[in-house]
Amino acid sequence: MSFKVAILASGRGSNFKAMVEAKKFGGILENVEFCCLVTDKPDAPAISIARENSIPVRVLSPKDYPDRQAHDNAILETLEAAGCDLVALAGYMRIIKSPLLLDRFKNRIINIHPSLLPKYPGSHAQRDAFEAGEKVSGLTIHFVDASLDGGPVIYQEKVDISACKSGQEAADAILRHEHVAYPAVVDWFSKGLVHVGPGGKVTIADGLARKGPRKSRG
Ligand code: GRF
């Protein structure tokens with residue numbers, strides 16, 4: 001049986017593309033079916049990645065709904081209709097606030113953030129880290145809850161940004177790592193390796209996986 005992953009994206013979708021390519025060429029995600037791309041932006045470049053790979057697209061534009069709750073509920077209906085097992089946010093620029101959606105998909109919605117959380121939450125994480133003079137920043141893959149970039153951490157990876165000359169260079173350096181880490185973590189989920197303890201503590205069951213995505217891919 002396939003493990004169904006829905007992607008929520010608002011923009012270019014390079015992490016989404018990295019996952020699709022990891023499944024095609026990377027020897028991981030064998031069991032994964034990308035069951036749909038949900039986007040809040042009718043012109044998101046991520047849509048063409050989905051179309052090129054025959055992945056169903058659902059455009060749910062906030063302006064078509066009376067309020068945030070109604071929009072989140074439409075997302076929930078779409079995810080349930082798709083029968084998805086995991087929701088991966090990949091550059092989705094809205095905060096999910098619906099308790100219903102967060103509850104129905106508790107511990108099944110994940111996000112990637114380009115900093116070592118709790119440092120530098122928000123939408124300018126790489127620039128903020130660079131401007132603060134950080135030599136090392138990185139990425140965090142975490143569960144989504146009602147907070148801004150605050151849910152339980154699943155995986156973190158440091159990235160050396162000491163040679164970067166701008167926030168954009170730091171973003172590019174981190175993004176290269178994101179493209180390896182995010183598919184690998186989704187692969188862990190698809191293989192049932194991610195467990196959440198009672199206190200929200202996340203453990204990765206497999207010894208190889210625990211050492212990090214690069215090693216887990218052999
Ligand atoms: C990435 O930097 C990711 O960490 C953040 O949003 C950006 C999305 O990029 N959540 P892309 O749309 O996947 O290219």
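Counting starts at 1 for both ligands and their atoms, in listed order. Quick caveat: nothing in here was measured; it's all calculated off a predicted structure.
- As a member of the Ile/Leu/Val/Met/Phe/Trp/Tyr network built from side-chain separations under 4.5 Å, Leu60 groups with Leu8, Val38, Tyr65, Ile75, Leu76, Leu79, Val87, Leu89, Tyr92, Ile96, Leu100, Leu101, Leu102, Phe105, Ile109, Val144.
- Within the 4.0 Å heavy-atom shell around ligand 1 one finds Gly13.
- The shortest N or O to N or O distance between Asn111 and ligand 1 is not under 3.5 Å.
- Side chain to side chain, Ser190 and Asn31 fail the donor-acceptor criterion of an N or O pair below 3.5 Å.
- Ranking the protein heavy atoms by distance from atom 10 (N) of ligand 1 puts Ile112 O, 2.8 Å first.
- Each of the following atoms of ligand 1 lies closer than 4.0 Å to a heavy atom of Gln126: 2 (O).
- Distance from atom 4 (O) of ligand 1 to its nearest protein heavy atom, with residue and atom name: Glu178 OE1, 2.8 Å.
- Taking the charged nitrogens against the carboxylate oxygens, Lys191 and Asp187 do have a contact shorter than 4.0 Å, which makes a salt bridge.
- Using a distance-only test at 3.5 Å, with no hydrogens or angles considered, a donor-acceptor pair links the side chain of Asp72 to the main chain of Ser98.
- With hydrogens left out, the protein atom closest to atom 11 (P) of ligand 1 is Ser14 N, 3.3 Å, a heavy atom.
- For Phe16, no nitrogen or oxygen atom sits less than 3.5 Å from a nitrogen or oxygen atom of ligand 1, counting backbone and side chain alike.
- Among protein heavy atoms, atom 6 (O) of ligand 1 sits closest to Gly91 CA, 3.6 Å.
- A distance of 11.0 Å separates CZ of Phe143 from CZ of Arg108, quoted to the nearest 0.5 Å.
- Of the charged side-chain nitrogens involved, none lies within less than 4.0 Å of a carboxylate oxygen, so that Lys23 and Glu30 do not count as a salt-bridged pair.
- Side chains of Lys17 and Asn53: a donor-acceptor N/O pair is absent below 3.5 angstrom, by distance only.
- Distance from atom 9 (O) of ligand 1 to its nearest protein heavy atom, with residue and atom name: Arg12 NH2, 3.4 Å.
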